[in-house]
S.K.: 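Input: one structure, supplied below.
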Protein chains: 2
Amino acid sequence: MKPVPYPTIQRFPLYLEVIKQLQIAGIKTISATDIAQNLGFTNIQVRKDIGYTGIIGKPKIGYNIKELEKVITSFLGWQNTNDAILIGVGALGSALLGYKGFEDYGLNIISGFDVNKKIVGKKIHGKTIMHIDDLKSQVKRLKVSIGILTVNQSSAQQVTDLMVKAGIRGIWNFSSENLKVPNDIVVQRENLSASLALLSVKLSHKFKTKQ
Amino acid sequence: MKPVPYPTIQRFPLYLEVIKQLQIAGIKTISATDIAQNLGFTNIQVRKDIGYTGIIGKPKIGYNIKELEKVITSFLGWQNTNDAILIGVGALGSALLGYKGFEDYGLNIISGFDVNKKIVGKKIHGKTIMHIDDLKSQVKRLKVSIGILTVNQSSAQQVTDLMVKAGIRGIWNFSSENLKVPNDIVVQRENLSASLALLSVKLSHKFKTKQ
DNA sequence: TTATGTGAACTAATTCACAGCG
DNA sequence: CGCTGTGAATTAGTTCACATAA
């Protein structure tokens, strides 16, 4: 099987959103053109992306929408809910704890961790906040493999080491620290400044439109 | 002048962060290798990226750190603070209002807008929340050109139309709606699900490491 | 005709290779 | 040497072109 390009993987969640919207509208089949128009992409790109999932569409008709949703969801590993914990319950962390959208991505944040005694033991957006000293025991107990890191840069590496020791295998890093982890741990950096940079540069007319 | 690749633009903020850290440590010159090691990139990539700014480095020594900061900052248009407003003061919107990191990106969120009467008139993280009916007059008065959109998908297009009418030129879109705007308006979509998708797929072993 | 599916052509981005300088 | 600067080679991703099917 050919390797799936990273940009394709990143577009899949957008396709899922369109699929969900159209499903709500009662639509049963969907073409690459439908998705493309909805998102402002070309139909060729969408078609090629969908091709990587191996789904077979019907010429003139398109894809069975239910089936397409299934193959993309399962490609992303979102068919079952993945439990996650979040470390660093500041402004951003609290927001993510309350963010409903993650359900669509198969992500379920079970609880938050922090060192701040004012919030430990409380609930934020319905999620219990525990002390970071309990991280290891809770990760073991809850069998969580994903950690969302929303501490500030200065404690990011230290907290990461704790997460790794606790058995976390994937880290979604919202801090700006370049985390050092063992080879078998996956880190995904979320870089808000990257898209702000694009917006700024586009606004300054240095570029044509697109992307 | 050659066009600067988008990925390069997206890496620039990361370089700036390393530069700032090393400046605090009192360092006066910095090489592409220094930055690369700090971020886990190759020195060739960093060197090529820096090359796009036109800065002249000294072989064996590297770049003057102050000067490098300046050329990257100015390339991104971050040398002066850009004022922005934020629309949709829910969980995510509130978090962004309180997010200190934006200062480094030359972004200053002046105020928030919402329709919720419970918060209109109040201050959140020191920023006044106004009613969306006042959007147009405030945008004119404050001469803001950037709008941060953190409403939910169902109202995203409607609010966008209001922003465009009010004179906003660049929209940072945190909703999952594909916004329709006139040609001269720049929209940058922030897609959290994209990096979660990468994390998920990497975790499911479908891929080797990297990126 | 309208859609899929796919090899081929093209474009973008990364990485290599090496000249030149302190 | 260690580092910059840059054209060339390579790899990755997108877009084209067209065969095929309902």
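Numbers restart at 1 for each chain; the letters A, B, ... are given by sequence-line order, proteins then strands.
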S.K.: In whole angstrom, what separates Gln45(A)'s CD from dA17(D)'s P?
M.R.: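 Whole-Å distance recorded here is 17 Å.
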S.K.: Which residues pass the salt bridge (Lys or Arg N to Asp or Glu O under 4.0 Å) test with Lys66(A), not counting sequence neighbours?
M.R.: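 Salt bridge (Lys or Arg N to Asp or Glu O under 4.0 Å) list for Lys66(A), sorted by chain: Glu69(A).
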S.K.: Rounding to an integer number of Å, can you tell me how far Gln10(B) CD sits from dA12(C) P?
M.R.: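 Checked: the CD to P distance equals 16 Å.
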S.K.: Minimum heavy-atom separation for Asn178(A) to Leu39(B), with atom names?
M.R.: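 Here Asn178(A) and Leu39(B) meet closest at ND2-O, 3.1 Å.
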S.K.: Which whole-number value in Å describes the distance from Asp49(B) CG to dA13(C) C1'?
M.R.: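 Taking CG of Asp49(B) and C1' of dA13(C), I get 10 Å after rounding.
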S.K.: Could you point out which residue of Val89(B), Leu97(B), Asp114(B), Leu92(B) forms a side-chain contact (heavy atoms from CB on, under 4.5 Å) with Thr150(B)?
M.R.: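 The single option meeting the side-chain contact (heavy atoms from CB on, under 4.5 Å) with Thr150(B) is Leu92(B).
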S.K.: Summarise protein proximity over nucleotides 4-10 of chain C in one line of letters, 5' to 3': B for base, S for sugar-phosphate only, - for none, counting protein heavy atoms closer than 4.0 Å.
M.R.: BBBBB--
S.K.: How long is the line joining CG of Leu68(A) and C1' of dA3(C), in whole Å?
M.R.: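 Value for this atom pair: 14 Å.
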S.K.: Do Ser195(A) and Glu190(B) pass the side chain to side chain donor-acceptor pair (under 3.5 Å) test, and can you show the C-alpha distance, the side-chain angles, and the key distance before you say yes or no?
M.R.: CA-CA 7 Å; Ser195(A) 58; Glu190(B) 182 67 53; 2.2 Å; yes
S.K.: Identify the two heavy atoms, one from Ala84(A) and one from Val144(A), that lie closest to each other, and give their separation to 0.1 Å.
M.R.: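 Between these two residues, the closest heavy atoms are CA-CG1, 3.5 Å.
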S.K.: For the pair made of CD1 in Ile35(A) and P in dT2(C), what is the distance, rounded to whole Å?
M.R.: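 The answer, rounded to whole Å, is 19 Å.
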S.K.: Between C1' on dT14(C) and OH on Tyr6(A), what's the gap in Å once rounded to a whole number?
M.R.: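 After rounding, the gap between these two atoms is 14 Å.
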S.K.: According to ring-ring contact (aromatic ring centres under 6.0 Å, His included), does anything in residues 145-204 of chain A pair up with another residue at least two apart or in another chain? List the pairs.
M.R.: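 Passing the test, one end in residues 145-204 of chain A: Phe102(A)-Trp172(A), Trp172(A)-Phe174(A).
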